[in-house]
Protein chains: 2
Amino acid sequence: MTQSSVRPPSSSRRDELLQIAAELFATQGFKNTTVRDIADAAGILSGSLYHHFDSKESMVDEILSTFQEELFGRYAEILAGDADPRAKLEAAVRVSFEAIHQHRNEVAIFQNEADHLGTFERFSYLAERNQQSREVWLTLLGEGIASGALRPDLDVELVHRFIRDTVWVAVRWYRPGGKRSHHDVADQYVSILLDGITT
Amino acid sequence: MTQSSVRPPSSSRRDELLQIAAELFATQGFKNTTVRDIADAAGILSGSLYHHFDSKESMVDEILSTFQEELFGRYAEILAGDADPRAKLEAAVRVSFEAIHQHRNEVAIFQNEADHLGTFERFSYLAERNQQSREVWLTLLGEGIASGALRPDLDVELVHRFIRDTVWVAVRWYRPGGKRSHHDVADQYVSILLDGITT
DNA sequence: GTCTATATGAGGATAGAC
DNA sequence: GTCTATCCTCATATAGAC
């Protein structure tokens with residue numbers, strides 16, 4: 001057995017296999033990706049994967065939990081910072097686009113599979129993270145309204161959903177190295193969100 | 001054989017089965033839903049489904065193509081109308097939220113499966129519809145800018161993606177009969193989109 | 001760390017009786 | 001229009017050799 005019961009040691013081969021799996025899970029979907037697909041892409045046979053991982057489920061589990069841990073570390077930094085409310089909100093948006101840039105596969109998997117995977121005990125942390133993310137956004141929006149920077153007439157819960165959804169769904173079309181950098185995209189998005197599209 | 005080669009006749013039993021399948025495809029995903037799941041939900045055995053449909057694929061095909069036909073009929077009406085640019089844009093947004101309200105399952109299936117299904121010849125119309133939808137939004141945005149109602153400094157392609165994504169992704173959380181009607185949601189969304197969230 | 005070989009089960013689909 | 005019975009393929013996972 002290669003993996004410890006608490007946290008698997010990071011061998012580079014293991015990480016390599018996780019990257020390959022993440023790419024396939026992200027582009028074809030978790031269910032649509034077979035262990036043979038993963039093994040083929042890695043140049044080994046499917047049975048050999050089980051030297052590294054217990055199951056296909058373990059692979060996606062490790063991919064998602066690792067990513068979430070990093071992402072929420074960033075959110076925590078912003079919340080703890082002393083920038084003004086509007087700047088904090090902008091920062092949170094930018095962190096998200098940065099995550100899309102740096103961890104496309106992980107974000108895509110989370111977007112596409114979290115609802116379904118979340119129904120299993122093993123992935124209950126996904127629901128908790130969702131809740132945590134909601135608290136981050138509601139806090140930022142609340143501070144923004146309290147400071148007078150944001151409109152007080154809007155339904156905060158709805159605003160939260162719109163921001164969350166629009167930011168993350170960009171993973172569907174954003175391509176690193178494409179025409180627009182993630183900074184460009186974030187700039188435009190922040191501009192629309194804050195000021196609207198009318199003159 | 002029950003179905004004609006061109007367009008299957010609408011027997012009510014057939015429609016009932018399609019509704020049941022759509023509900024399952026929308027909530028569990030196409031690949032995750034087995035023909036046995038569908039049959040169970042309908043109170044029959046899986047083999048009996050094949051009296052009505054050629055394959056599981058045929059079912060999702062019929063669900064999606066029927067929905068798309070209706071949706072694009074609505075878009076065409078708006079484009080052909082003589083409302084001012086801003087009103088047309090609003091109308092298009094509202095039609096989308098209405099579609100989410102009336103055809104939740106179909107919208108969800110399209111959102112979750114179109115990318116993947118679109119890679120097969122049989123579903124090539126999905127890509128065409130996507131292109132068509134892009135033209136609708138770009139036309140509306142172009143008219144808006146030309147008329148002076150919309151900001152000329154924004155990247156129209158990006159604005160299009162943000163509108164498209166934010167509108168449709170609402171299907172993930174919108175529930176008919178919930179706290180917010182689809183009219184409420186559309187109102188708030190239009191307000192944010194047009195005027196932004198700042199004071 | 002990878003391969004060979006294989007167990008085991010699930011899922012899509014079919015043929016023909018009722 | 002549904003059931004019985006069943007085929008066939010594909011997918012996850014395992015055991016042990018190399």
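Just so you know, these numbers use all the heavy atoms, side chains as well, and skip hydrogens, waters and symmetry mates. Within every chain, numbering begins at 1; the chains are lettered A, B, ... in the order of the sequence lines, protein sequences first and strands thereafter.
- Candidate nucleotides C:dA13, D:dA13, D:dT2 were compared by shortest atom distance to the side chain of B:Ser48, and D:dT2 ranks first.
- The side chain of B:Leu45 has D:dC3 as its nearest neighbour among D:dC3, D:dT2, C:dC3.
- No hydrogens or angles considered: a donor-acceptor pair under 3.5 Å links the side chains of B:Ser58 and B:Arg122.
- Regarding contacts with the backbone of D:dT2, every side-chain N or O of B:His51 stays at 4.0 angstrom or more from both OP1 and OP2.
- Counted by atom type alone, A:Ser191 and B:Arg151 present one or more donor-acceptor pairs between their side chains at under 3.5 Å.
- Going from atom CG of A:Leu17 over to atom C1' of C:dG1 covers 10 Å, rounded to whole Å.
- At least one side-chain nitrogen or oxygen of A:Tyr50 sits closer than 4.0 Å to the OP1 or OP2 atom of D:dA13.
- In terms of position on DNA chain C, the residue among A:Arg13 and B:Val35 whose nearest nucleotide sits closer to the 5' end is A:Arg13.
- No side-chain donor-acceptor contact under 3.5 Å links B:Arg161 and B:Thr166.
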B:His103 and B:Phe67: CA distance, side-chain angles, deciding distance, ring pair (Phe, Tyr, Trp, His ring centres under 6.0 Å) verdict: CA-CA 8 Å; B:His103 303 288; B:Phe67 166 64; 5.8 Å; yes
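- With rounding to whole Å, A:Arg14 atom CZ is found 16 Å from C:dT2 atom C1'.
- Distance CZ (A:Phe53) to P (D:dT12): 15 Å, rounded to an integer number of Å.
- Residues A:Gly47 and A:Asn32 each lie close to DNA chain D; by heavy-atom proximity, the contact nearer the 5' end of the strand is made by A:Asn32.
- Comparing D:dT2, C:dG12, D:dT12 by their nearest atom to the side chain of B:His52 picks out D:dT2.
- Spacing between atom CG of A:Leu49 and atom P of C:dT4 amounts to 15 Å, rounded to whole angstrom units.
- Of all nucleotides listed (D:dT12, C:dG12, D:dC3), C:dG12 comes nearest to the side chain of B:Arg36.
- Ring geometry for A:Tyr125 against A:Phe123 counts as tilted: the plane angle lies between 30° and 60°, on a 0 to 90° scale.
- Between the C1' atom of C:dC18 and the CD1 atom of B:Ile44 lies a distance of 16 Å, rounded to the nearest Å.
- Distance A:Lys56 NZ to D:dA13 P: 8 Å, rounded to the nearest Å.
- Between B:Ile38 atom CD1 and D:dT2 atom P there is a gap of 14 Å when expressed in whole angstrom units.
- The nearest whole Å value for the distance from the CD atom in B:Glu16 to the C1' atom in D:dT2 is 14 Å.
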